[in-house]
Amino acid sequence: MKKVTIASLLSQNSYPGRGIIVGLTPDGTKAVSAYFIMGRSENSRNRIFRAEDDDVMIYPFDESKVEDPSLIIYAPVRSLKNALIVTNGDQTDTIRDFLKKGDCFENALRTRGFEPDKPNYTPRISAILHWDNCWWYQLSILKSADGQGTKCNRFTFDLAPVPGLGHFIHTYVGDGNPLPSFEGEPEQVELMDDIDALTDTIWTNLNEANKISLFVRFVDVKTGKAETRIINKHQ
C-alpha cells in the first residue's frame, strides 16, 4: 500500500468521522498516537476534549444542549503502565478492564460490536500501543457485516513500527446518508518528528465545518516521556 500525506487524505474528505492514527516518528524515537472527532448534528458538535492526568475525556461544551449522551461522552484515551488505549467509544474502558485482569485487546473487543446508531451502524475503531519487552501496536475495527446491523465483523491488525510510517483508520469513507463505513486495511500515512507540526497538519486539513476536537501524543520509546497536544474548536 502506498504511503500518502495526512494532509492529502484529510483535505479530500469532508467527513471521515472519527479517526485514529498510530505510528513512529521518522527519527524512530517517538511513538505517535492521534485521535480526532467530527460531527454533523448539534449534539455531536457540542463536545470538547479534556486531559485528566494521562487520560483524555470527552465532555459536552454546553451541557444544556445535550440530547443523547450515550454515544458522544466517553474516554477516548486511557493510559496504563504498559499500554495506551485510543478508541472512538466506551470500548476504551472495556479494553482497559480486560487488560487489568490479564486478558487481551482482541478478547475485549469480542464482547463489543458496532454502534447502534441505525442506519449508520458506525464502526467502533480502536488502537492499542503496547510497551512490553518492545513496543508495537494494534488497530481494530468492528463493523456491520451486512449494512443492516444484524451481524458484526471484527478485524484486528497487528502492526510493526516503521520509522516515518503511520496507520490511519477512520469510521467513514466519506459523507453520505447513511454514512458509508470505512473499508479495507488501515491507510498508510507519512508522519513527522515535530508534534506541533503534525498537530497543525491534522487540524488544518480537517473540514472546517465538521471538525470538533483533536488529541495528539508523542511518547519516547526508550524513556516513556510523553508530550500531548489537544485542540478544541469550542474553547
* Structure fact -> Those residues at least two apart in sequence (or on a different chain) that pass side-chain hydrogen bond (donor to acceptor under 3.5 Å, both in side chains) with Ser44 are Ser41
* Phe98 six-ring centre to Lys101 NZ/CZ under 6.0 Å and within 45° of normal -> yes
* Classify the ring geometry between Phe168 and His170 as parallel (under 30°), tilted (30 to 60°) or perpendicular (over 60°). => tilted
* Close side-chain approach of Ile230 and Ser213, heavy atoms under 4.5 Å -> no
* Asked: Of all heavy-atom pairs between His234 and Arg47, which one has the smallest distance, and what is that distance?
  -> CD2-O, 4.1 Å
* Asked: Between atom CG of Leu191 and atom OG1 of Thr5, what is the distance when rounded to the nearest 0.5 Å?
  -> 11.5 Å
* Asked: How are the rings of Tyr172 and Tyr15 set to each other: parallel, tilted or perpendicular (split at 30° and 60°)?
  -> parallel
* Structure fact -> Here the pair of heavy atoms bringing Ile125 nearest to Ile20 is O-CD1, 3.7 Å
* Structure fact -> The side-chain hydrogen bond (donor to acceptor under 3.5 Å, both in side chains) partners of Glu208 (sequence neighbours excluded) come to Lys211
* To do: Drop me the distance from Thr92's OG1 to Arg124's CZ, to the nearest 0.5 angstrom.
  => 9.0 Å
* Please name the pair of heavy atoms, one in Gly113 and one in Cys152, separated by the smallest distance, quoted to 0.1 Å. => CA-SG, 3.9 Å
* Asked: So how far is it from Asp196 CG to Arg229 CZ, rounded to the nearest 0.5 Å?
  -> 4.0 Å
